[in-house]
A.B. asks: 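Input: one structure, supplied below.
These numbers come from the heavy atoms of this one structure, side chains and all, not from hydrogens, waters or symmetry mates. So you know, we letter chains A, B, ... as the sequences are listed, proteins then strands, and number each from 1.
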Amino acid sequence: MKTLKKQLTDGIQRALESLSYPGKDFSLAPPNNPDFGNISSNIALLLANDLKTSPLEIANAIANELQSAVLDHIESITVTPPGFINFFIRNSFFQSSIKSIRKAGNSYGRGIVGRGKTANVEFVSANPTGPLTVGHGRNAVLGDSIANILEWNSYEVTREYYYNDAGRQMHILGQSVEARYFELCGRKSNFPEEGYQGEYIREIARQILDRRGTELGSGSHYFKDDAEKEIFSEIKNSLKRLGIHFDHFSNEKTFYENGAIDQFIMELKKKDLIYEKDGATWFRATALGKEKDRVYIKTSGEPTYRVPDTAYHRDKLERKFDLIVDIFGADHADSYPDVLLALQAMGLDTSPIKVLLYQFVTLMRDGQKVKMSTRKANFVTLDELKNDLGADVVRYFFIMRSMNTHLDFDLDLAADQSDKNPVFYLQYAHARICNIIKHGKEKGIKETSSFQDGQLTHEDELNLIRHMVHFPELIETTHDTLEPQNIANYLQELAARFHRFYGQCRVITENKELSKARLGLVSAVKIILGNGLSILGITAPERM
RNA sequence: GCCCCGGUAGCUCAGAUGGAUAGAGCAUCUGCCUUCUAAGCAGAAUGUCACAGGUUCGAGUCCUGUCCGGGGUACCA
């Protein structure tokens, strides 16, 4: 399809030249209405103004030029008001694509824009203060799918998790565990005002008690360190259950220890972008066009999160990735620009960094919004969600809609309606195909690469193929948008066309040749479904 | 006040770079399983695409303003 489009683009450009029309950036897209062919172009409409001629006239002139050119796979060219040029593609083009899809197999659709390039996708990045919640789930699934999309475009991808292990949150975590430990020991305890109240804190304290006895003193580093270790290992398990793994972990402590933070603050100081006021250290963002200066080091002596984050992003830039993707919740919307600003002030090129913000997930339970807070232990964990709904459903729910919109996750509904979940619609198509292939085998009709693709002439067959051939372009566009729901939408449409075909056309029949051709067709659909689902991280079952 | 995201069918949401009659699922109604999986298919019904201007041959899509909802605007991350 891509080469065909390229051919048409070139053809139109040549026509423009020979007619001495000016060049224009025109579109070449499939129209909704089949009466307008398989691809149509708006070129004439775009030229009308410049040429002061009616678009229909221009369209006819271009179409005339094209008629005399040699264009492969084009059956006919028409012009329709207000001035579209429509191309009708021969069935043979679509029919023959089946064999190329089958030949490419599980690499059908792979793009090459990222060939030889590296990408870093940072996601989840939850601090190890408690179990992952639903909000982290959206982040995790988005990030993993986006990493997959980049891999499908030939990038070498590093999946990275960054966490703060030196800040206030971790300090409070340690204090919370300590208090619970003292309680268990029957010693006097003092639970911090903003401590983490979850039951998991008690369990960690109990483990520490078992492992290290009752004699730990106040302020022992074990409270924080053991808790961090334990919680982190739980986080990794939760992610694993959703099929998510990481290649690299970074933490803020590193940047304190290796001097990176002192280093960059020094650099900014030299540029007069750091100053002291009210006992705090400030970043002079206003000098760089921002509205407010930002605190870098609090009066307490602790740096704000911006500081290690900036060092961390500098580190990522210095690792020379061609593309750096950050997946952040909407609450970061106001903070990452400061990080970028500081990096630019240091003379770094931040253009490889692409920040993706997703809106919050609102959980609905019993028709009520569930307010969540890790600290108050009032949350639904990702594990609970996964256990109730299964990994496939959880993943699909998080990517089926745009990250720009709030996600209302109705827990009761999701559980009740799990039969009717759209993810099953896709998986069912895949399972159906597997069953057809199996059935064919039993009837002695094997799936083979030699079949007469010209047998595939039914309207529902062609309609299915017409959608199939767009898959490679989809992978490419999704590389630009980085919106996994584009893939989910595409697959829904593919499954719909398959199910319709299934209702209209019987695959295994007495007609051997037709059966073989249709087996070829459905196996190609299976390939695309499988490839698409794997990008979304969802299984493609053989049976349901 | 300022910044970000959203406002599309009764509900939840899709609408690839502006394109030719605005889509799906759920919910409602009508058909279809002695035939490869009915977790499916076919059909019916449902809309001032928040509102008002503007740009354009053409706007759900781009620009401006207004209204509504969510989030941010910390010496919390």
A.B. asks: Please step through salt bridge (charged side-chain N to carboxylate O under 4.0 Å, His left out) for the pair A/Lys443 and A/Glu510, ending with a clear verdict.
C.D. replies: CA-CA 10 Å; A/Lys443 292 275 178 187; A/Glu510 294 306 309; over 6 Å; no
A.B. asks: Can you see which heavy atom on A/Ile445 is nearest to which on A/Lys516, and at what distance?
C.D. replies: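 Looking at all heavy atoms of both residues, the shortest contact is CG2-CG, 4.0 Å.
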A.B. asks: Look at all strands and tell whether A/Asp278 reaches a base, only sugar-phosphate, or nothing, counting heavy atoms closer than 4.0 Å.
C.D. replies: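 Base contact - A/Asp278 has a heavy atom under 4.0 Å of at least one base atom.
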A.B. asks: Does a side-chain N or O from A/Asn489 land closer than 4.0 Å to OP1 or OP2 of B/G15, or not?
C.D. replies: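 True: A/Asn489 side-chain N/O within range (under 4.0 Å) of B/G15 OP1/OP2.
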A.B. asks: With heavy atoms under 4.0 Å as the rule, sort A/Asn127 into base, sugar-phosphate or nothing.
C.D. replies: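 Sugar-phosphate contact only - A/Asn127 comes under 4.0 Å of backbone atoms but never of a base.
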A.B. asks: May I ask you to evaluate whether A/Asn486 reaches the phosphate of B/G15, defined as a side-chain N or O under 4.0 Å from OP1 or OP2?
C.D. replies: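 Yes, A/Asn486 has a side-chain N/O under 4.0 Å of OP1/OP2 on B/G15.
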A.B. asks: Watson-Crick or G-U wobble partner for B/G43, using a 3.5 Å limit on both distances?
C.D. replies: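 The base-pairing partner of B/G43, which may sit in any strand shown, is B/C29.
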A.B. asks: For the NZ atom of A/Lys5 and the NE2 atom of A/His470, what is their distance to the nearest 0.5 Å?
C.D. replies: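 Going from the NZ atom of A/Lys5 to the NE2 atom of A/His470 covers 5.5 Å.
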A.B. asks: Under a plain distance cut-off of 3.5 Å, with no hydrogens placed, do A/His313 and A/Asp326 share a side-chain donor-acceptor pair?
C.D. replies: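 Looking only at side-chain atoms, A/His313 and A/Asp326 do form a donor-acceptor pair, the distance falling under 3.5 Å.
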A.B. asks: Paired with B/C2 by Watson-Crick or G-U wobble geometry, both distances under 3.5 Å: which nucleotide is it?
C.D. replies: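 Across any shown strand, B/C2 pairs with B/G72.
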A.B. asks: Base, sugar-phosphate, or nothing: which does A/Asn86 touch, judged by heavy atoms less than 4.0 Å apart?
C.D. replies: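 It contacts base atoms.
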A.B. asks: State whether A/Thr405 places a side-chain N or O below 4.0 Å from either non-bridging phosphate oxygen (OP1 or OP2) of B/U12.
C.D. replies: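 For B/U12, OP1/OP2 do not have a side-chain N/O of A/Thr405 under 4.0 Å.
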A.B. asks: Is A/Thr80 side chain donor-acceptor paired with the B/A20 base, going by distance under 3.5 Å alone?
C.D. replies: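 Answer is yes: a donor-acceptor pair is held.
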A.B. asks: With respect to the phosphate group of B/A74, does any side-chain polar atom (N or O) of A/Lys292 fall under 4.0 Å of OP1 or OP2?
C.D. replies: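 A/Lys292 to B/A74 OP1/OP2: side-chain N or O found under 4.0 Å.
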A.B. asks: CD1 of A/Ile172 to CZ of A/Phe191: how many Å apart, nearest 0.5 Å?
C.D. replies: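 Going from CD1 on A/Ile172 over to CZ on A/Phe191, the span is 10.0 Å.
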A.B. asks: Kindly say if A/Lys277 contacts the phosphate of B/C75, meaning a side-chain N or O under 4.0 Å from OP1 or OP2.
C.D. replies: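 Result: no.
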A.B. asks: Please tell me if A/Gln485 has a side-chain N or O lying less than 4.0 Å from either OP1 or OP2 of B/G15.
C.D. replies: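 Checking B/G15 against A/Gln485, a side-chain N or O does come within under 4.0 Å of OP1 or OP2.
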A.B. asks: Heavy atoms under 4.0 Å, any strand shown: does A/Glu510 hit a base, just sugar-phosphate, or nothing?
C.D. replies: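 Here A/Glu510 touches no strand at all.
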A.B. asks: Check whether any side-chain nitrogen or oxygen of A/Arg500 sits under 4.0 Å from OP1 or OP2 of B/A42, and answer yes or no.
C.D. replies: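 Result: yes.
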A.B. asks: Could you check whether A/Ala333 gets within reach of a base, just the sugar-phosphate, or nothing at all, counting any heavy atom under 4.0 Å?
C.D. replies: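 Answer is nothing: A/Ala333 stays at 4.0 Å or more from every strand.
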A.B. asks: Just the rounded figure in Å: distance from P of B/A77 to CD of A/Gln169.
C.D. replies: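 To the nearest whole Å, that distance equals 7 Å.
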A.B. asks: Using a heavy-atom cut-off of under 4.0 Å over every strand shown, decide if A/Ile297 touches base, sugar-phosphate, or nothing.
C.D. replies: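 Here A/Ile297 touches no strand at all.
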A.B. asks: Judged by modelled atom types alone, do A/Asn164 and A/Gln169 share a side-chain donor-acceptor pair under 3.5 Å?
C.D. replies: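 Not at all, the side chains of A/Asn164 and A/Gln169 share no donor-acceptor pair under 3.5 Å.
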A.B. asks: Side chain of A/Val507, heavy atoms from C-beta onward: which of B/A39, B/C36, B/G6 has the nearest atom to it?
C.D. replies: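 From the listed options, B/C36 comes nearest.
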A.B. asks: Does the ring of A/Phe36 meet both stacking tests against the six-membered base ring of B/A20: centre distance under 5.5 Å and plane angle under 30°?
C.D. replies: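 A/Phe36 vs B/A20: stacking yes.
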A.B. asks: Any side-chain N or O of A/Tyr502 under 4.0 Å from OP1/OP2 of B/A38?
C.D. replies: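 Result: yes.
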A.B. asks: State which of B/C41, B/C75, B/A20 makes the closest approach to the side chain of A/Thr299.
C.D. replies: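 So the nucleotide nearest the side chain must be B/C75.
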A.B. asks: Donor-acceptor pair under 3.5 Å: do we get one between A/Asp35's side chain and the base of B/A20?
C.D. replies: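 No such pair is found, so the answer is no.
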A.B. asks: Quick one: is B/C3 close enough that its OP1 or OP2 comes under 4.0 Å of any side-chain N or O from A/Tyr336?
C.D. replies: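 No, because none of the side-chain N or O atoms of A/Tyr336 sits under 4.0 Å from OP1 or OP2 of B/C3.
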A.B. asks: How close do A/Trp152 and A/Tyr108 get, heavy atom to heavy atom, and via which atoms?
C.D. replies: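 Nearest heavy atoms, A/Trp152 then A/Tyr108: CZ3-O, 3.2 Å.
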A.B. asks: Consider the side chain of A/Arg506, meaning its heavy atoms from C-beta on, and name the nucleotide among B/C36, B/C76, B/G40 that approaches it most closely.
C.D. replies: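 Looking only at heavy atoms from C-beta outward on A/Arg506, the closest nucleotide is B/C36.
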A.B. asks: Spell out yes or no: do the side chain of A/Asn404 and the base of B/G6 have one donor N/O and one acceptor N/O closer than 3.5 Å?
C.D. replies: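 Side chain to base: no pair present.
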A.B. asks: Where does B/C33 land, syn or anti, given syn is within 90° of 0?
C.D. replies: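 Judged by the O4'-C1' to base torsion, B/C33 sits in syn, the angle falling within 90° of 0.
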A.B. asks: Would you indicate, yes or no, if B/A38 has its OP1 or OP2 atom less than 4.0 angstrom from a side-chain nitrogen or oxygen of A/Arg432?
C.D. replies: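 Looking at the OP1 and OP2 atoms of B/A38, one of them is under 4.0 Å from a side-chain N or O of A/Arg432.
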A.B. asks: Which part of the nucleic acid does A/Ala48 contact within heavy-atom distance under 4.0 Å: base, sugar-phosphate only, or nothing?
C.D. replies: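 Counting heavy atoms under 4.0 Å across all strands, no contact is made by A/Ala48.
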A.B. asks: Rounded off to whole Å, could you give me the CG-to-C1' distance for the A/Leu474 and B/U17 pair?
C.D. replies: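 Result: 14 Å.
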A.B. asks: Which is more 5' along RNA chain B, the nucleotide nearest A/Ser402 or the one nearest A/Gly279? Just name the residue.
C.D. replies: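 Whichever sits nearer the 5' end wins; that is A/Ser402.
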A.B. asks: Could you give the distance separating B/A9 and B/G15 at their P atoms, to the nearest angstrom?
C.D. replies: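 Result for the P pair: 15 Å, nearest Å.
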A.B. asks: Measure from OH on A/Tyr396 to P on B/A14 and round the result to the nearest Å.
C.D. replies: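 Spelled out: OH on A/Tyr396 to P on B/A14 is 12 Å.
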A.B. asks: Between A/Phe249 and A/Tyr161, what is the ring plane arrangement, given parallel below 30°, perpendicular above 60°, and tilted in between?
C.D. replies: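 The arrangement is tilted - the two ring planes meet at 30° to 60°.
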A.B. asks: What does A/Ser40 touch in the nucleic acid at a heavy-atom separation under 4.0 angstrom: a base, only the sugar-phosphate, or nothing?
C.D. replies: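 Base contact.
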A.B. asks: Given B/U73, is OP1 or OP2 found less than 4.0 Å from the side-chain N or O atoms of A/Lys290?
C.D. replies: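 No, no such contact exists.
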A.B. asks: Base, sugar-phosphate or nothing for A/Cys434? Non-hydrogen atoms, less than 4.0 Å.
C.D. replies: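 Counting heavy atoms under 4.0 Å across all strands, no contact is made by A/Cys434.
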A.B. asks: Using purine N1 to pyrimidine N3 plus N6-O4 or O6-N4 for Watson-Crick, or N1-O2 and O6-N3 for G-U wobble, each under 3.5 Å, what pairs with B/U12?
C.D. replies: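 Its partner is B/A24.
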A.B. asks: When you get a sec, tell me which of B/A77, B/A16, B/C75 is the closest nucleotide to the side chain of A/Thr477?
C.D. replies: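 Between B/A77, B/A16, B/C75, the one nearest the side chain of A/Thr477 would be B/A16.
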A.B. asks: Starting the side chain at C-beta, find the nucleotide from B/A74, B/G70, B/A14 nearest to A/Arg401.
C.D. replies: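 It is B/A14.
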